Amino acid sequence: MSHGHEQEHDHVHIVSYGSHTLVYVGLLILTGLTVAAAGIDVGAFNLPIAMLIASCKAGLVLAYFMHIKYEKTYIQAFVLGTTFFMFVVFCLTFADYATR
Amino acid sequence: MSATVEAQDTQVNQEELFHFDHHHTDYEGGKFGMWLFLFTELVLFGGMFLALFVYGTGEYAADFHAAGKSLNLFKGAGNTLVLLTSSLTMVYAITALQKGSKFWALTHIAITVLLALTFMVVKYFEWTAKFEHHLFPAKIAALESIYGPSDLKKAYTTEYKESGLSIAAFNAIKVDSNGNPAPAGISAEEAKEYTHTRYTRGQVIFYGMYFTMTGLHGFHVLIGVVLLLWMFWCVLKNTVTAENFGWLENVGLYWHLVDLIWIYLFPLFYLVA
């Protein structure tokens, strides 16, 4: 790996207009999908499906728009860790709520 | 990798460090600081989402479903598109600046601001529509007093005495089809409205959470507008440039977080509920 390229990765990783636009199109498709999915009544599964699609959108925004895909490992680890512990808090609360 | 190349690496890195010191900026530290702030935002909204999940999937699920239908899906979906597009113009602005085009960076920042304002205008119309149905953020608690009968009876009696009407005339405007008196402290016109629109406890919680969460999110959008205008000024005055764009990136991170929160708010309030 050439040095110049490495530096570019560290500090000035410029994401092209094209790849931003591609991510945007993906987000639009997922938005359409979530509206369409809500129209179909699948009972208890409506919420998990909507949350799954929302999380896919959130993943795209985080990885590309918020640049996490190109960040250093420690920043990626912090983001992943925070999300994970948030998930744990949600799971524990629901474990409590569901068993009352 | 040979020793020579490593030596060169070190030298270049030092030069780079000097370069950044010279501008009195700590690019990486600034970015990491921004992320730490965003984590606190995640916890702030996360707690509210947790409450929303628990109420929305529990005993109030049916109420949430009914109340959610009253929200305007067209406006909600429209605002989702507005925010997604503003996220795109935000990253366009950063790319433009990094590629050295000040003009396009400024243009994209300006478009982002306009989209943020569009979002707030739509939000204004949505809230106004709710106000017309006597749903106000501050009145949510008053609505709940329907379910506090002891105080209500007292207030009802007092209000009857003060109204100077006959008990039949007073009851005609104050009692709904179920024979329940409307909450105290409201006018005769409002009381008539209540005979048509009564809200259950679950619906009251839904609207309470709706106003709180979209309100706090809207507040973040307004702060975003201020930050974006500030960035516009900085790029214009060359304090944020193609070589020193950390601030713009960090404002961008904030702006994307606002979008990220809306990505979850939209399906929870407008679709699933």
Side-chain angles (χ1 to χ4, degrees), chain A residues 1-4 6-7 10-17 19-21 23-25 27-28 30-32 34-35 37-39 44 46-51 53-58 60-62 64-68 71-72 74-75 78-79 81-83 85-86 89-90 93-94 96-98 100, chain B residues 1 5 8-9 12-13 16 20 27-28 31-32 35-36 38-39 42-43 46-47 49-51 53-54 56-58 61 73 76-77 80-81 84-85 87-92 94-96 98-99 104 242-243 245 249 252-253 255-257 259-261 263-268 270-273:
Chain A
M1 192 188 280
S2 80
H3 177 76
E6 215 169 88
Q7 277 306 311
D10 269 5
H11 289 294
V12 231
H13 180 273
I14 302 175
V15 184
S16 68
Y17 291 117
S19 36
H20 282 321
T21 311
V23 172
Y24 174 69
V25 171
L27 288 168
L28 289 187
L30 287 170
T31 305
T34 195
V35 174
N46 273 113
L47 180 67
I49 289 170
M51 286 303 96
I53 297 171
S55 298
C56 289
K57 289 170 75 179
L60 278 178
V61 171
L62 271 167
Y64 293 96
F65 285 179
M66 295 176 94
H67 222 249
I68 280 301
E71 291 300 349
K72 286 185 177 170
Y74 79 96
I75 293 184
F78 265 88
V79 173
T82 308
T83 315
F85 281 111
M86 204 71 184
V89 168
F90 272 63
T93 308
F94 267 89
D96 172 33
Y97 189 67
R100 282 185 188 210
Chain B
M1 204 182 261
V5 176
Q8 275 174 356
D9 265 1
V12 174
N13 281 336
E16 186 144 290
F20 277 94
Y27 175 76
E28 202 177 326
K31 179 180 274 185
F32 187 58
W35 272 107
L36 288 181
L38 295 188
F39 295 152
L42 198 69
V43 176
F49 276 115
L50 191 52
F53 277 129
V54 168
T57 57
L73 178 63
T80 305
L81 295 186
L84 283 180
T85 312
S87 260
L88 180 70
T89 54
M90 184 72 234
V91 284
Y92 275 178
I94 295 168
T95 300
Q98 286 171 337
K99 288 189 171 182
W104 282 109
E243 289 79 35
F245 49 80
E249 273 194 334
L253 284 178
W255 190 248
H256 297 311
L257 185 91
D259 186 20
L260 213 61
I261 291 162
I263 283 176
Y264 283 96
L265 282 180
F266 169 63
L268 282 171
Y270 293 82
L271 297 175
V272 172

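Every chain is numbered from 1 and lettered A, B, ... according to where its sequence line falls, protein lines coming before strand lines. Side chains included, hydrogens not; waters and symmetry mates left out as well; all remaining heavy atoms used. The model shown is predicted, which means the values in this text are computed figures rather than measured ones.
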Walk me through whether V35(A) and Y270(B) qualify under side chain to side chain contact (heavy atoms under 4.5 Å, CB included).
CA-CA 9 Å; V35(A) 174; Y270(B) 293 82; over 6 Å; no

Stepwise side chain to side chain contact (heavy atoms under 4.5 Å, CB included) test for M90(B) and F65(A):
CA-CA 9 Å; M90(B) 184 72 234; F65(A) 285 179; over 6 Å; no

Decide yes or no on side chain to side chain contact (heavy atoms under 4.5 Å, CB included) for I14(A) and I94(B), but give the supporting numbers first.
CA-CA 9 Å; I14(A) 302 175; I94(B) 295 168; over 6 Å; no

Go through the steps to decide whether F94(A) and V54(B) satisfy the test side chain to side chain contact (heavy atoms under 4.5 Å, CB included), and finish with yes or no.
CA-CA 7 Å; F94(A) 267 89; V54(B) 168; 4.3 Å; yes

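At a 4.5 Å heavy-atom cutoff, the contact between T34(A) and chain B is made by backbone and side-chain atoms alike. At a 4.5 Å heavy-atom cutoff, the contact between M66(A) and chain B is made by backbone and side-chain atoms alike. Only the side chain of L260(B) has a heavy atom closer than 4.5 Å to any heavy atom of chain A. Looking at V23(A), neither its backbone nor its side chain comes within 4.5 Å of chain B, counting heavy atoms on both sides. In this structure, the portion of I68(A) lying under 4.5 Å from any heavy atom of chain B is its side chain and not its backbone. With a threshold of 4.5 angstrom between heavy atoms, Y64(A) does not approach chain B through any atom at all.
The CG atom of L84(B) sits 4.5 Å away from atom OG1 of T31(A), with the distance rounded to the nearest 0.5 Å. Atoms CG and CD1, from L271(B) and I49(A) in turn, are 12.0 Å apart once rounded to the nearest 0.5 Å. A distance of 6.0 Å separates OH in Y17(A) from NZ in K99(B), rounded to the nearest 0.5 Å.
Side chains of Y24(A) and S87(B): a donor-acceptor N/O pair is absent below 3.5 angstrom, by distance only.
Residues D259(B) and V61(A) approach most closely at OD2-CG2, 4.3 Å, considering heavy atoms. Across every non-hydrogen atom of M86(A) and L42(B), the tightest pair is CE-O, 3.3 Å. Considering every non-hydrogen atom in both M51(A) and P267(B), the closest pair reads CE-CG, 4.1 Å. Smallest separation of non-hydrogen atoms from K31(B) and I75(A): CD-CD1, 4.2 Å.
Aromatic ring centroids of Y97(A) and F53(B) lie 6.0 Å or more apart.
Note: G58(B) leads G56(B), G252(B), G76(B), G58(B) in heavy-atom pairs under 4.5 Å with chain A. Ranking N46(A), L30(A), V89(A), L27(A) against chain B, the residue ahead of the rest is L27(A), based on heavy-atom pairs under 4.5 Å. With chain A as partner, the option from T80(B), L253(B), L257(B) having the largest number of non-hydrogen pairs under 4.5 angstrom is L253(B).
By the 30° and 60° cut-offs, the orientation of the rings of F39(B) relative to F78(A) is parallel.
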